Amino acid sequence: MEKNDHILPKDFPELKNDTFLRAARGEEVEHVPVWCMRQAGRYLPEFREFRAGKDFFQTCRSPEDCCELTLQPLRRFPFDAAIIFSDILVVPQALGMDVQMLAGKGPTFPEPLKEPDDLQRLRKKVDVASELGYVFRAITLTRHKLEGKVPLIGFSGAPWTLMSYMIEGGGSTTHSKAKRWLYRHPEASHVLLKRLTDIIVEYLVGQVKAGAQALQVFESHAGCLGPVEFKEFALPYLKDIACRVKDGLKEEGLDNIPMVVFAKDGHYALEDLSQSHYEVVGLDWTIDPRAARNRTGGKVSLQGNMDPCALYATKECISEIVKSMVEAFGTRGYIANLGHGLYPDMDPESVGAFVEAVHAHSRRLLNH
Ligand code: CP3
């Protein structure tokens, strides 16, 4: 028996702060809920200390370590949600690809996919429960250890974003190797995107079964596509994921949970994203909040979108920026966040100022 196998996804502590879940469903709240992408990260000295000398993906495979890193930011700040510490690249690993996290370089695939024939190298059948069971165990353990303080968000990378990593072999500015596949090998691209979608659906349902109370799908590389390519190679799979996860939960006898889609730099697709069966659309900072409300027609809740770099400003300035942002989005159907993740050189005190400003300005607007 593996460690933690005795910790079961049942008898979870009662949820004390459901503000995030209510905002996701467009219900009334006392304050606007707030969390930050990469809230567990290198900007926290305790994170750097804990991770020192350990391999990144080894850490991801330890439910105890993931639990500790998920909880760290919540000990400092009154965030309204926790996000499980893991990474989107555990899915390509489950397909049999080697992925390493190299200091100063970021995620690296020593043998990326080069031509469609390379798809043969991927595992034909992925047993999600055994390949990614460590993420499920991390979620169950963290759900217990959170003691119902706030809801726990699970996540996955979206098919196009994962495909681009698998072909590029790491970070890229142009994504030209991956985009070459879209133009030169559209059929093989769809084969790969479909394989990823099937695994992601099972992976996300498994996360909810393990205790995740909301899910976010990261389409981090939406920005390198145009509207036509997005409609063909990203949107259908994002929609398929939302619909099939919801069906999967029903089949398992689980309650529906809110799903967030975050397509970074995908402003051109905002209307489509708001009709793709997600309860929440996450926004980066290049979108004006009022324009986003108009273009999504009140059909979805919105999440975002302060420029992370605004955290380099003074506390007073952060408070002013947050005030305008909350007024522009409005307090209903709104979850405050940054437009992308926190950077390692950011000051934890500025993060505290951001969270406090969201709570204070929204309470004032709501007369609470
Ligand atoms: O707090 C959280 O947000 C939860 C944990 C989380 C991580 N990665 C931990 C992490 C989440 C949600 C992710 C998602 C992720 N991973 C995305 C999608 C979000 C986005 O940023 O658009 C992407 C593209 C990745 C791939 C990845 N992993 C990158 C680009 C990097 C940074 C590499 C670098 O050197 O800057 C990582 C590493 C990573 N994932 C870190 C953390 C906290 C930092 C490295 C470390 O801890 O050693």
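Each residue takes its place number in the sequence, starting with 1. No experiment lies behind these values; they were computed from the predicted model shown. Both counts, for ligands and for their atoms, begin at 1 and track the order of listing. Heavy atoms only: backbone and side chains are in, while hydrogens, waters and symmetry mates are out.
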>> I want to know if ligand 1 touches F155 in the polar sense, i.e. an N/O pair below 3.5 angstrom.
In response: no
> Would you call the rings of F12 and H144 parallel, tilted or perpendicular if under 30° counts as parallel and over 60° as perpendicular?
Replying inline: tilted
>> Only heavy atoms of F85, strictly under 4.0 Å: list the atoms of ligand 1 that pass.
In response: 9 (C), 43 (C)
> Does atom CG of D255 have more than 12 heavy-atom neighbours, drawn from other residues, nucleotides or ligands, at distances under 6.0 Å?
Replying inline: no
> How far is atom 40 (N) of ligand 1 from its nearest protein heavy atom, and which residue and atom name does that atom have?
Replying inline: D87 OD1, 3.0 Å
> Between R42, E219, Q39, which one has a non-hydrogen atom sitting closest to atom 45 (C) of ligand 1?
Replying inline: R42
>> Only heavy atoms of Y165, strictly under 4.0 Å: list the atoms of ligand 1 that pass.
In response: 24 (C), 26 (C), 30 (C)
> Does ligand 1 have a heavy atom under 4.0 Å from the side chain of T70, from its backbone, from both, or from neither?
Replying inline: neither
>> Parallel, tilted or perpendicular: which one describes the rings of H190 and Y237, with boundaries at 30° and 60°?
In response: tilted
> What part of A103, side chain, backbone, both or neither, has a heavy atom within less than 4.0 angstrom of ligand 1?
Replying inline: neither
>> Measuring from atom 3 (O) of ligand 1, which candidate in R38, M101, K105 has the nearest non-hydrogen atom?
In response: R38
> For ligand 1, is there an atom lying under 4.0 Å from some heavy atom of G341?
Replying inline: no
What side-chain donor-acceptor pairs closer than 3.5 Å can you find for residues 359-368, not counting sequence neighbours?
unit_1 : atom_1 : unit_2 : atom_2 : d
H359   : NE2    : D80    : OD2    : 2.7
H361   : ND1    : R364   : NH2    : 3.2
H361   : NE2    : S319   : O      : 3.2
H361   : NE2    : S319   : OG     : 2.9
S362   : OG     : V32    : N      : 3.0
S362   : OG     : V358   : O      : 2.6
S362   : OG     : H359   : O      : 3.2
R363   : NH2    : H31    : ND1    : 3.0

Indicate every side-chain donor-acceptor pair of residues 320-332 with a distance under 3.5 Å to a residue at least two apart or in another chain.
unit_1 : atom_1 : unit_2 : atom_2 : d
S324   : OG     : E320   : O      : 3.1
R332   : NE     : G26    : O      : 2.9

> Can you name the one residue among E30, E27, E28 that meets side-chain hydrogen bond (donor to acceptor under 3.5 Å, both in side chains) with R22?
Replying inline: E30
> Looking at atom 23 (C) of ligand 1, what's its closest protein heavy atom, distance included?
Replying inline: I88 CD1, 3.4 Å
>> If the cut-off is 4.0 Å to any non-hydrogen atom of F47, which atoms of ligand 1 fall inside it?
In response: 43 (C), 47 (O)
> Starting from atom 1 (O) of ligand 1, which protein heavy atom do you reach first, and at what distance in Å?
Replying inline: A40 N, 3.0 Å
>> Using a 4.0 Å cut-off to any heavy atom of S220, which atoms of ligand 1 qualify?
In response: 18 (C), 19 (C), 20 (C), 22 (O), 24 (C)
> Is a side-chain donor-acceptor pair under 3.5 Å present for Q216 with Q303?
Replying inline: yes
> Between the side chains of Y183 and E229, does any donor sit under 3.5 Å from an acceptor?
Replying inline: yes
> With backbone taken as N, CA, C and O and side chain as the heavy atoms from C-beta onward, which portion of Q216 lies under 4.0 Å from ligand 1: side chain, backbone, both, or neither?
Replying inline: neither
>> Could you check whether any heavy atom of I84 sits closer than 4.0 Å to an atom of ligand 1, since that is the contact criterion I want to use?
In response: yes
>> Please find the pair of heavy atoms, one from F20 and one from I153, that lie closest to each other, and give the distance.
In response: CZ-CD1, 3.8 Å
>> As an exercise, identify every atom of ligand 1 less than 4.0 angstrom from a heavy atom of I83.
In response: 1 (O), 2 (C), 3 (O), 4 (C), 12 (C)
>> Give me the nearest non-hydrogen protein atom to atom 21 (O) of ligand 1 as residue plus atom name, then the distance to 0.1 Å.
In response: H340 NE2, 3.1 Å
>> Just to confirm my output: which protein heavy-atom neighbour is closest to atom 48 (O) of ligand 1, and how far is it?
In response: R51 NH2, 2.6 Å
> Are any side-chain N or O atoms of E252 and backbone N or O atoms of V208, one a donor and one an acceptor, separated by less than 3.5 Å?
Replying inline: no
> Hey, are K194 and D240 close enough for a salt bridge, meaning a charged N less than 4.0 Å from a carboxylate O?
Replying inline: no
>> Go through it in stages, so that I can follow the logic: the residues are E279 and K246, the test is salt bridge (charged side-chain N to carboxylate O under 4.0 Å, His left out), and I'd like the CA-CA distance, side-chain angles, deciding distance and then a yes or no.
In response: CA-CA 11 Å; E279 283 76 6; K246 285 174 198 301; 2.7 Å; yes
> Any idea which protein heavy atom is nearest atom 9 (C) of ligand 1, and the distance to it?
Replying inline: S86 O, 3.2 Å
